[in-house]
Amino acid sequence: MPKINKAKKLRKLLHSNKLEFILEAHNGLSAKIVENTGFKGIWASGLAMSAQFGVRDSNEASWTQVVDMLEFMSDVTEIPILLDGDTGYGNFNNMRRLVMKLEQRDIAGVCIEDKQFPKTNSFIDGEKQPLAEIEEFCGKIKAGKDSQTNDDFCIVARVEALIAGWGMKEALRRAEAYREAGADGILIHSKQSRPDEILEFAKEWAQRSPLVIVPTKYYSTPTEAFRKAGIDLVIWANHMIRASVAAMEKRSKQIFQSESLVDIEDKVATVNHLFSLQSAEELSQAQDKYLSQQSNMNAIVLAASRGNELHELTYDKPKAMLSIGGHSLLRRLIDELKRLGINKSTVIAGYKADAINIPGIKKRINRRYEKTDELASLACAEKDFSDDMLIIYGDLLFRGYILRDLLETEGDIVVVVDSALDNPNLSGKPDVAYCSKADDRSPFMQNVLLESLSISSASTKKKPSGYWIGMMRVRKRGKKWIDKALKELNKRDDFDSLTLPDLLNYLIEKGKPINIHYIDGHWLDVNSLDDIDRAGDFTK
Ligand code: SPV
Ligand code: MG
């Protein structure tokens, strides 16, 4: 995107031949709000910025802290920002460096006032504050102008003579000197509640250069009077910070007194509104564009069974919550999924569901776990199915590369099959896989399809190709097949006894291709006490 020249925009505001308005902002959020409202520019007020830091408007916040804040403001807006640069934070040399740093952050201009560093706010004993020497201040303006690299960067000179009680003549003398030194505009400041001296100044000034005012004290003046006086720019200088202070004090008192949120929920901005001010939507679109596919995946984890073979070890928890080396099997699995960018997991619990207390997962409960098998559990998570998901047993231990490689394997449904038929870690009754081709151990064997799964190899003379390990990846079309199959199988009397292998066999019967991702060992599922020892070694 071509960079918009914010300095040019500010210059245009100063020279627009009509009265323009800019509003104060003091951080990224308020800057965004000012822009969203429709203002054409932002006043980065020294008073408001120091107030939001909780310090005084007396150069207590360092100039680099101010510049850091400006960066946030500038990053989230496209309208120009005019910085209230106090006295330029030092002499001509500090001014040069300030201009350089402001330009680097795309700040459109800076206003400096003819006082001495450290200054204090003009409305606090304004008449006691010493003014800068005219020559010295002119040198500062010149140094700033000479160091800017963008011709449109604006330096506005603020005349404090009226505030300090030095009179109209001195104010005009100073303004003229600053104009001649190269200032792009004059800000004439007043603390009177009536606009008389400002209007008089404007008349005498006679549009020699752009004129800027801050009607904080003479706020009741009709805006038309400024227009008629030929003023170019009005700064509403501190009303965002004051609005927020009033709102925060009111609401914090209410919460404190009521010890409840009931009365204020409707009176504060919604969390969604905050998200929108933070452009959360843009981030989610960028995630879709830039994050690898697997980060949008979710995992459906089956963890409803007790694991009866483990006897008293699973007396008070399901098998997936057995601790191996200090972490439960399920915890290890969820951590591994996260490591590979799968951050959404639905765990289907059943037996001792309360014992599954892993943060950040969604839990679905198969209340009929005692009378049902895997498919009934899977159906409990139907609402969480997505167009890219992993279905996996909750008690599975495996080396990370297995899942990583699975995520890179093509296919609407891909199941992981261990072709090491003599894998010493195997126990229980693993599901025997018969596939269209045996594993030839080439790195990326493709287009191998599952022909059937069976609980034992005795039923057929065909040579098994390996064991299904209880992990499958399902893409959009595969999900549709599974949705449909679950509906159809649910009508069968034996639905409660059906397992994931039954589902896969059913899909194969219906002609759906189930792809194979072959591995060679490096996984374990815990079925017996011996497996627990093996699992301990496996996780070391
Ligand atoms: C500011 O906004 O910090 C200003 C304007 O300097 S005023 O507070 O009115 O002096
Ligand atoms: Mg200020």
Side-chain angles (χ1 to χ4, degrees), residues 10 21-27 30-31 34 39 41-63 65-67 69-70 73 80-90 94-95 98 102 107-132 137 140 154-166 171 178 183 185-195 197-198 201 211-221 226 231 233-245:
L10 178 60
F21 305 90
I22 63 175
L23 177 60
E24 168 263 315
H26 46 271
N27 56 21
S30 54
V34 170
F39 278 93
I42 292 168
W43 170 246
S45 154
L47 169 62
M49 275 199 278
S50 47
Q52 65 80 43
F53 279 127
V55 299
R56 288 167 285 219
D57 186 15
S58 307
N59 296 119
E60 290 186 345
S62 73
W63 75 276
Q65 287 170 323
V66 170
V67 167
M69 183 59 87
L70 288 170
M73 296 165 68
I81 298 175
L82 174 61
L83 168 65
D84 169 11
D86 293 344
T87 58
Y89 311 112
N94 303 87
M95 178 68 180
L98 174 65
L102 293 180
I107 303 304
V110 60
C111 174
I112 50 168
E113 60 199 62
D114 55 354
K115 293 200 302 223
Q116 291 177 19
F117 181 86
K119 45 82 46 153
T120 204
N121 188 277
S122 302
F123 301 142
I124 302 175
D125 291 339
E127 61 291 342
K128 289 193 197 145
Q129 295 186 45
L131 296 190
F137 196 69
K140 216 183 259 185
C154 298
I155 296 185
V156 175
R158 165 165 157 182
V159 177
E160 289 282 297
L162 299 179
I163 297 269
W166 290 36
Y178 305 158
I186 296 296
L187 189 161
I188 181 68
H189 206 12
S190 166
K191 60 180 179 191
Q192 291 187 355
S193 55
R194 293 184 46 82
E197 61 180 8
I198 289 297
F201 182 95
L211 190 59
V212 183
I213 59 166
V214 181
T216 302
K217 291 286 178 183
Y218 46 98
Y219 63 88
S220 57
T221 309
F226 303 142
I231 286 156
L233 184 67
V234 167
I235 298 177
W236 310 123
N238 43 46
H239 302 81
M240 294 294 274
I241 189 89
R242 286 165 61 193
S244 58
V245 166

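Whatever order the structure lists ligands and atoms in, that order sets their numbers, starting from 1. Worth knowing before you read on, the calculation uses all heavy atoms, side chains too, and leaves out hydrogens, waters and symmetry mates.
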So does N121 get a backbone contact from the side chain of K115, meaning a donor-acceptor N/O pair under 3.5 Å?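 No, because the side chain of K115 does not come within donor-acceptor range (under 3.5 Å) of the backbone of N121.
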Mark yes or no for whether E113, through its side chain, and V159, through its backbone, hold a donor-acceptor pair below 3.5 Å.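 Judged by distance alone, no pair lies under 3.5 Å.
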Pair E127 + K191, salt bridge at N-O below 4.0 Å: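 Yes, this pair counts.
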Work out how many protein N, O or S atoms lie closer to the Mg ion (ligand 2) than 2.8 Å.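 Count of protein N, O, S atoms less than 2.8 Å from the Mg ion (ligand 2): 1.
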Please tabulate, one line per pair, the protein N or O atoms found under 3.5 Å from any N or O atom of ligand 1, giving the distance to one decimal.
unit_1, atom_1, unit_2, atom_2, d
ligand 1, 2 (O), W43, NE1, 3.0
ligand 1, 2 (O), S45, OG, 2.7
ligand 1, 3 (O), S45, OG, 3.2
ligand 1, 3 (O), G46, N, 3.2
ligand 1, 3 (O), L47, N, 2.7
ligand 1, 3 (O), D84, OD2, 2.7
ligand 1, 6 (O), D84, OD2, 3.0
ligand 1, 6 (O), R158, NH1, 2.7
ligand 1, 6 (O), R158, NH2, 3.4
ligand 1, 8 (O), N121, ND2, 3.1
ligand 1, 9 (O), H189, NE2, 3.2
ligand 1, 10 (O), R158, NH2, 3.1
ligand 1, 10 (O), H189, NE2, 3.0

Only counting residues at least two apart or in another chain, list the ones meeting salt bridge (charged side-chain N to carboxylate O under 4.0 Å, His left out) with R194.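 Here the qualifying residues are D196.
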Verify the distance criterion only: is there a donor paired with an acceptor across the side chains of T87 and K140 at less than 3.5 Å?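 Looking only at side-chain atoms, K140 and T87 do not form any donor-acceptor pair under 3.5 Å.
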Which pairs pass salt bridge (charged side-chain N to carboxylate O under 4.0 Å, His left out) with one or both residues in residues 48-57, sequence neighbours excluded?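 Passing the test, one end in residues 48-57: R56-E60, D57-K119.
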[Y] side chain reached by [X] side chain, heavy atoms, under 4.5 Å:
X	Y	value
N94	W63	no
M49	L70	yes
H189	F123	yes

